[in-house]
2 protein chains.
Amino acid sequence: MTDMDRSVLVPALTNIATRLRIDSVRSTTEAGSGHPTSCASAADILAALFFAELRFDPKDPHHPGSDRFILSKGHAAPILYAAWAEAGAFDRAELLKLRELGSDLEGHPTPRLPFVDVATGSLGQGICAAIGCALNARRIGSEYRTYCLLGDGESAEGSVWEAAEVGAQDGLDNLCAITDVNGLGQSRATMWQHDLEQFARRWRAFGWHAITIDGHDINQVLDAFAEARATKGQPTMIVAGTLKGKGIAIAEGKEHWHGKALKKGEELDAALNELKSQLVPEEEPVAKPQAPRSVSRPAPKRGSLGTLPYKLGETIATREAYGSAIARLGASDDRIVALDADVGNSTFSEKFEKQFPDRFYENFIAEQSLIGSAMGLAARGSIPFPSTFAAFLTRAYDFIRMAAISNLNIKMAGSHAGVSIGEDGPSQMALEDLAMMRAQPNMVVLYPSDAVSTEKLIEEMAYRPGPAYMRTSRPKTPVIYGNDETFPIGGLKVLRRTDTDVATVIGAGVTVFEALKAHDALKAQGRNIRVIDLYSLQPVDAETLTQCARETGGRLITVEDHYQGGGIGDAVAEAVAAAGFVVERRLCVHEIPRSGLPDELLDHYGISARHIVAAVTSKAR
Amino acid sequence: MTDMDRSVLVPALTNIATRLRIDSVRSTTEAGSGHPTSCASAADILAALFFAELRFDPKDPHHPGSDRFILSKGHAAPILYAAWAEAGAFDRAELLKLRELGSDLEGHPTPRLPFVDVATGSLGQGICAAIGCALNARRIGSEYRTYCLLGDGESAEGSVWEAAEVGAQDGLDNLCAITDVNGLGQSRATMWQHDLEQFARRWRAFGWHAITIDGHDINQVLDAFAEARATKGQPTMIVAGTLKGKGIAIAEGKEHWHGKALKKGEELDAALNELKSQLVPEEEPVAKPQAPRSVSRPAPKRGSLGTLPYKLGETIATREAYGSAIARLGASDDRIVALDADVGNSTFSEKFEKQFPDRFYENFIAEQSLIGSAMGLAARGSIPFPSTFAAFLTRAYDFIRMAAISNLNIKMAGSHAGVSIGEDGPSQMALEDLAMMRAQPNMVVLYPSDAVSTEKLIEEMAYRPGPAYMRTSRPKTPVIYGNDETFPIGGLKVLRRTDTDVATVIGAGVTVFEALKAHDALKAQGRNIRVIDLYSLQPVDAETLTQCARETGGRLITVEDHYQGGGIGDAVAEAVAAAGFVVERRLCVHEIPRSGLPDELLDHYGISARHIVAAVTSKAR
């Protein structure tokens, strides 16, 4: 949105595009790997975007009023870095450290760089995050705009069409995406090659304003951005026809050049000379980024749960307490937002929606968009709580993985976890969610058993930076903690202990109550056991677990409504290994379960009180 | 495709639809849960489909020439069961055991039932599997047709649009899908409610033939099926406007009736009376399923690798050996098919494509469709090998989960796993793939280190029924096994052993070579270690691992190019726990890694030979 005269602007942008190509070629050759041809196709688009359209401050990329740019085709990272260097964010010489261990200029962009909102490099994700950035602008009442560059091959990812639906449904006219249709994928030509109408037709059918242009014609690119800005009530997709390797004769429009750096020596030199010859005469003033709009917002305030209302022994599902907690925190902290995927009446995110409809984002049945939007919201300062059935978070595992790589502040909740859901059967059970979440090294993984611990842990996870996951349960469970109890992340609760405990039984969520029942049954037989509520699986309280092992004859029994791999058994085993202890028995679900009544299934699959009693008594001490 | 006169057929089908509604209402009420209103909207479609269109044998659902029907909206399971009962597959009285632990009539369909090809209940998956069923018809040269019923809410899932692209690209005119547009989701109205054109427009934009009809008008349903059959070169989507709860006044077209059974007593009785009053006079002959087409195919033959060509010490990447192996097996067994997602030149599935282009299915960049299609192919007797970067299999985790629930014969391969890929950075690394796969209790998980073991394990996994995963690596590694070595699933190889080993080091894939280097370095210092190649992580050889622990002073050290959770460390810890042993040190990737050179990263993240040496020598013995 510069007001420079086109006769001055276009030559300036043309030269910037050429410099970006030169930088992309140089840096990838220096690194010995990378995707220079995927950069070259996008150079004119990026030049026009960064130096005539975006409003941003290269020295303060996180400015709250700054326009956002997400490179969904993350393999074109070198040209993203080149554009920021050209804008003055850092010294151009840094570009030659591309892909080195000591540099933040990684093979694909990550938020280690201040100007990267979300890590990209798994295709089809950036556009989902862009939705979140655009939603955040609405939340903070800013006119900042969000731009996103996709590849054409990437458009085959279903997540792109989830984003398309949500973007249109929400009428996000502050969002402008561009598809760089260079016609060539990694292994072959893309599905539609240069048939731009195939793309435009799809986006229009999904409710977007679509414009087809020659992506190497700067005037057309500038006009398309202006048209997008003028379009109200719907997002815009600019479908830009380009050539992969544009400007480099050896590679331009040719197959077998994907992800290949030019060789040092003759190959590189020829390409650089060729590119330099494409520089045109230009005059003052030089094109430079436009400053961001100012934003005046009160400083954010930490939310508070206030006084919790629970009575010991009353029964309430942890999923319901989850809904109460986010609504409570949301009342005093408007950074808290909630997202769901058409199961808000089951996850109880509807409690939040009812109170704060403007900060609730419905994704219908589209879990990739659910997590992807949350990623974008988190990148812009929201504290998003996306929720769905825990089973369906598996649908978004690639997004969760990338959120972890980005170390984003997203707070996921998965409800209806375990065979304890009962009759709906295995497709709804999520018996691998703890494994999937614990595998991410920076993910906090929480699994509360009652309403009080749920609410307190939601507060903890909301204000601990980084990604976190809470598993909630379907059945109602009794409140076992007082309203003033505290639940630090990385802690656990010893619920039963004597000096004569013969074993330690470690459960979480619904199995805590099975362990308590087993405790009572064993006590009636004259045996004491220690019972632990392991509400924090990651990080885990290795010290207390080890101490309990020492104090209970080294006998540790875990019990979990989860498959064997990656859950409570593994967490405990790993925690106590340093002291030489092992988990003696892992009570868990060992096979694909069936439909049935919740209690019947707990018993049938070996995780009920009866099985705990048997495990404790099986070994004479 | 019945030739019955419409004047006889339509009343007959109308009554069948009414009976299916009655069965759905009765069975869900008896179960006390379920989705009767989601059944009622689809009743006329199912009646027409099963009794006037499909060619199948209710007593032999797996007949190779039988038309396929996949209920993508799996929560409508009761009406699927009712239709098969009506067709004579089993006694109608069984329907009242819906959702009981002892019955295969689960809350959502699973292949425990012979007439269910793939488990559904995670929305947006059935249509991907239907693509696989349709592709299989081509493979075996059969004219069987594939039908798939989706919900309207389900259409928000991106996977549906991945299937749409692939189905059109492959010109699958033997595929007919129906969207049951009842306008109501779980928590609210669907995105487009009853605007049928919104759906048709999207499908047409994606290259399908689309027809809009009143889904309660049997004549229109029959005409649409006929039109689909007559449509050549593209698949057909029938967009059927319906009412949720159709025929049951209390619920028809009303919100808050999703997933709710009618109450026994007055509520049920009123609904049943109402439905019975909808029965119309009908005459002979009764509508019944049409018999399947005959198929004559030679009996399948097990493939053979023949004589392997490798020389000890030559270097070759396991991913390349993977490509060779599937091509070798495919030469003698035409059930072997391969699928990829535009990275066939990296996964080396291109070796298969070059030899057997008709049995290679390109999914472009769409990993959900990749696995979903493979599920459908597997269900129909193909032995599919879908491959992509291991990192991007996370994109399909929900499909992998459902493939495990279905116990389908799919053979996944993930390449480029670990920091050993080097410069591309964390988004491409897959440091959680072993965790994600091991979490599924029936998944075979293999991780070969050299070309010979890769090929032998591909043969093993091809012919062991059920789901399996192989992790392959990017770097070239030396061949360490002779061409005649055998690699049973569930085994391991002890590569170095003496009677004086001070510790056992357990690696797999690239870390086997780090362990061997460490062995040599330690030996030079006068210390012997045992080195294990744990090529089979699931199942795992607990006995040999335990024996090695016993023989090496209880000292076990694992080393893996994977995050800590769910990989080799956990597999070994769990395997040796029964004998009281622990893993002393787990060398693995403890944080989100960066770009760098492969060897540099192995060392930087603590999994190189140097770190193994340090771990072995850190503890004085």
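Worth knowing before you read on, the calculation uses all heavy atoms, side chains too, and leaves out hydrogens, waters and symmetry mates. If you're wondering where the values come from, they're calculated on a predicted model, not measured in any experiment. Letters A, B, ... are given to chains in the order of the sequence lines, protein chains preceding strands, and every chain is numbered from 1.
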Check: For D104(A), is it the side chain, the backbone, both, or neither that has a heavy atom closer than 4.5 Å to a heavy atom of chain B?
Finding: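 Both the backbone and the side chain of D104(A) come within 4.5 Å of chain B.
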
Check: Where on A571(A) is there a heavy atom nearer than 4.5 Å to chain B: the side chain, the backbone, both, or neither?
Finding: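 For A571(A), neither part sits under 4.5 Å from chain B.
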
Next item on the list: Verify the neighbour count for atom CZ of R586(A): are there more than 12 heavy atoms of other residues, nucleotides or ligands below 6.0 Å?
Entry: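 Buried by this count: over 12 neighbours within 6.0 Å.
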
Item checked: R585(A) atom CZ, over 12 foreign heavy atoms within 6.0 Å ->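 Open.
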
Check: Do D398(B) and R395(A) sit within salt-bridge range, that is, some charged N less than 4.0 Å from a carboxylate O?
Finding: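 So D398(B) pairs with R395(A) through a salt bridge.
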
Note to self: One thing to verify: whether E100(B) and R594(A) come together as a salt bridge, which I'm taking to mean a side-chain N less than 4.0 angstrom from a carboxylate O.
What the structure shows: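 The answer is no: the pair does not qualify as a salt bridge.
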
Notebook entry, point to check: What's the shortest heavy-atom distance between G565(B) and A435(B), and which atoms?
Noted result: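 Taking G565(B) first and A435(B) second, the nearest heavy atoms are O-CB, 3.2 Å.
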
Notebook entry, point to check: Which pair of heavy atoms, one from P593(B) and one from Y563(B), lies closest together, and at what distance?
Noted result: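 The pair with the smallest heavy-atom distance is CD-OH, 3.7 Å.
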
Go through the atoms of [X] and report whether side chain, backbone, both or neither lie under 4.5 Å from a heavy atom of chain A.
| X | answer |
| --- | --- |
| S369(B) | neither |
| N407(B) | neither |
| W203(B) | neither |
| A200(B) | neither |
| E197(B) | neither |
| F581(B) | backbone |
| H590(B) | backbone |
| H604(B) | side chain |
| T120(B) | backbone |
| A119(B) | neither |
| V343(B) | both |
| S122(B) | both |

Heavy-atom pairs under 4.5 Å with chain A, option from [options] with the top count:
| options | value |
| --- | --- |
| E162(B), R438(B), H108(B) | H108(B) |
| M429(B), Q125(B), Q428(B) | Q428(B) |
| Q440(B), Q198(B), E591(B), E362(B) | E362(B) |
| E367(B), H35(B), R204(B), M436(B) | E367(B) |
| G107(B), G34(B), A156(B), G102(B) | A156(B) |
| E154(B), Q368(B), R112(B) | R112(B) |

Item checked: Expected output: side-chain D342(A) to main-chain S187(B) donor-acceptor under 3.5 Å ->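 Checked: pair present.
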
Next item on the list: Determine yes or no for a side-chain-to-main-chain donor-acceptor pair under 3.5 angstrom, with Q538(A) supplying the side chain and M443(A) the backbone.
Entry: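 Yes, because the side chain of Q538(A) sits within donor-acceptor range (under 3.5 Å) of the backbone of M443(A).
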
Next item on the list: Apply salt bridge (charged side-chain N to carboxylate O under 4.0 Å, His left out) to E423(B) and list each qualifying residue two or more places apart in sequence or on a separate chain.
Entry: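 Salt bridge (charged side-chain N to carboxylate O under 4.0 Å, His left out) check on E423(B) returns nothing, list empty.
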
Note to self: Does the plane of the ring in F206(A) sit parallel, tilted or perpendicular to the ring in W161(B)? Use 30° and 60° as the thresholds.
What the structure shows: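 The arrangement is perpendicular - the two ring planes meet at more than 60°.
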
